[in-house]
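Take a look at the structure set out below.
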Amino acid sequence: MAMESASSRRHRAEEERDTELVTASQRLLAKSKPPSGVIRFKTFFLNTILDVMLSRGWKQITEDSGWDMYWCDVGWIRESFDSTYFPENARVCHFRNHYELTRKDMVAKNLKRFRKELERQAIPPSAPPGKRTASLPPPPPAQPNAIKLKVDFLPTTFKLPSEYRMFVEEFKKQPSSAWIMKPVGSSQGKGIFLVTKLSQLAEWRADTRFTGEELDEEDKPAEYIVQKYVENPYLVGGRKFDLRIYCLVTSFQPLRAWLYREAFARFTFVRYSMDDLSNTVAHLTNVAIQKKSTEYDKSKGCKWMFCELKRHLITCHGRQAVQEMLRNIDNIILTSLHSVQKMMINDRHCFELYGFDVLLDGNLKPWLMEINASPSLTADTHSDYALKFRMLNDMFNVVDLERRRQGNETRVGGFDLIWDDKQVFVPSPIEGLPPVPNSWLGSYHEDRDEQLDKVFTEAAERRARAGMPPAGPAAAAMPGPAGSSSLGRAAAAAAAAPASGLGRAPVGASSTGRAVAASSRAAQASAAPG
């Protein structure tokens, strides 16, 4: 039998570690479930989110009412949110006007407006009244390490066709530059292409706002944004990458935002070159695009955990440079959220998990590429599944439908509270230094399970001392049948099965979930006494 290569051994060890992390999370869940009542959920997604909700012992239903948690798409929010009655305990996974932050043209518009507000705020009080604005309150006295919001991370952006003339003026200033065209409402890299000549944009010249001419709907060009292309991306092994970072917002009034410690880098499978701008596999990091590459390896995927990338960057550039990069990423997230805070329709029934896509240039400066309202929760590999499984579990621990938390925590599993009506600070890990921002992106957190156990135990003890009943969902007694689909019934039955050995494996509605579940069962079998 051929000897196993070092890379194969490393890959197998990573899979075993990720399987154990998932099963450890489930052991903790089994320990901390509320003593009575069942959370009822509804979703039509068959990926990691379904596995997570079932693994928590929640019950899937298909009815239009009677649910405590609806993991819906943005289409339902647009069509049904306003006409739906929400019980006190019910939650949905989007805010009503989420598009203010996640539609490509809207985020550019809102960041440009917010930039002007910040510039006016910086004008001294002695300036003429016309130069000042009262739209932003004066900043409070800041901590030594407090972040200063600034919009310096958005590449020059125009909306086409409405801003075509403005784009032409900017293009002529740097005629040799490359620009990237993105449809305002698409995802997964669909419809994106690069241009270096105005002749390539003939379709978007037809801005008829000032001519009085009306075009038929089918003759109107699709709405795009055109953005200055970052031509000097940071490369690892000659390949381009971007970062997918998760931020959970549970309220906009007041703003309450949590940053997940784990993230990942999405790499291209083709070496980066500006010689061929039509080769999307070399320029776009979207997984859907990379899967088209002949070099794509399904078993390994195209993602690298951010903690490993961070360690690589520290080795190459030093800790101080990387720390500055991380603070700039914090600025991207917080400034983006503040730019829409006043216009977001806040609702206590809503929360949102945002996927921030950030690109590093050759100087380690982060640039915002886009913000996703529905970041992909479909896993490509074992490690990808394990990360998303942990992240979604911790997201629900923060949202806390089971009401197991006290509510004053600054950390819940892998999520750290970075803003709670003001920036959140915690004591520095180094004695004698001032408090530091509660942001730990890319940090290892092997104590995750212990930390969650402590959170739930302290909350339970506090309730007991106060003579309060044990935590549990308020709507536990609401009637409603189990999921009517065969998948729903089978998954619900599997979720209700008692845990044993290493803990119940993921139900595995997704293909990667089934693979991890099989690995977990194999591990249990090998650990059983002979």
Report the residues that fulfil salt bridge (Lys or Arg N to Asp or Glu O under 4.0 Å) with Arg411, sequence neighbours left out, ordered by chain and then residue number. Asp447
Between Arg327 and Glu324, is the salt bridge (charged side-chain N to carboxylate O under 4.0 Å, His left out) condition met? List the steps. CA-CA 5 Å; Arg327 294 288 78 85; Glu324 181 180 357; over 6 Å; no
Work out which heavy atom in Val52 is nearest to a heavy atom in Leu392; give both atom names and the distance. CG2-CB, 3.9 Å
Parallel, tilted or perpendicular: which fits the ring planes of Trp179 and Phe171, with parallel below 30° and perpendicular above 60°? tilted
Hey, is NZ on Lys365 packed in by over 12 heavy atoms from elsewhere, all under 6.0 Å? yes
Would you call Lys116-Glu119 a salt bridge at under 4.0 Å N-O? no
Has the side chain of Asp357 got a donor or acceptor atom that lies under 3.5 Å from a matching backbone atom of Glu370? no
Distance-only, no hydrogens or angles: does the Thr48 side chain make a donor-acceptor pair with backbone N or O of Leu377 under 3.5 Å? yes
Measure from the side-chain N and O atoms of Arg91 to the backbone N and O of Trp71, and report whether any donor-acceptor pair falls under 3.5 Å. no
Out of curiosity, Leu360 CG to Asn232 CG, how far, rounded to the nearest 0.5 Å? 11.0 Å
Ring geometry between Phe81 and Trp76 (parallel below 30°, tilted from 30 to 60°, perpendicular above 60°): perpendicular
Would you kindly say whether Asp421 and Trp419 are connected by a side-chain donor-acceptor distance under 3.5 Å? no
Start with the C-alpha gap between Leu194 and Met181, add the side-chain angles, then the distance that decides, and say whether side-chain contact (heavy atoms from CB on, under 4.5 Å) holds. CA-CA 6 Å; Leu194 277 70; Met181 291 281 290; over 6 Å; no
For the pair His94 and Phe351, evaluate ring-ring contact (aromatic ring centres under 6.0 Å, His included) and give the outcome as yes or no after the intermediate values. CA-CA 6 Å; His94 297 290; Phe351 66 92; 8.6 Å; no
Going by atom types only, do Glu231 and Tyr229 share a side-chain donor-acceptor pair under 3.5 Å? no
Which one of Asp82, Asp347, Asn346 satisfies the side chain to side chain donor-acceptor pair (under 3.5 Å) criterion with Arg96? Asp82
Answer yes or no for Lys112 and Phe158: cation-pi contact, defined as NZ/CZ to six-membered ring centre under 6.0 Å and angle to ring axis within 45°. yes
Trp258: which of Val424, Val412, Asp420 passes side chain to side chain contact (heavy atoms under 4.5 Å, CB included): Val412
So, the side chain of Gln200 versus the backbone of Lys197: is there a donor-acceptor pair under 3.5 Å, distance only? yes
Which label fits Phe267 and Trp304: parallel for a plane angle under 30°, tilted from 30 to 60°, or perpendicular past 60°? tilted
Please answer whether the main-chain N or O of Ile418 pairs with a side-chain N or O of Asp416 as donor and acceptor at a distance below 3.5 Å. no
Are the side chain of Asp105 and the backbone N or O of Val184 linked by a donor-acceptor pair below 3.5 Å? no
Return the orientation label for the Phe356 and Tyr354 ring planes: parallel under 30°, perpendicular over 60°, tilted otherwise. perpendicular
Pair Lys303 + Asp380, salt bridge at N-O below 4.0 Å: yes
Specify the closest pair of heavy atoms between Thr285 and Lys240, including all atoms of both residues, with the distance to one decimal. CG2-O, 4.1 Å
According to the interplanar angle, ranging from 0 to 90°, do the rings of Tyr70 and Phe44 count as parallel (below 30°), tilted (30 to 60°) or perpendicular (above 60°)? perpendicular
Looking only at the aromatic ring of each residue, does the gap between the centers of Phe415 and Tyr260 stay below 6.0 angstrom? yes
Could you check whether Glu117 pairs with Lys342 (Lys NZ or Arg NE/NH1/NH2 to Asp/Glu carboxylate O, under 4.0 Å)? no
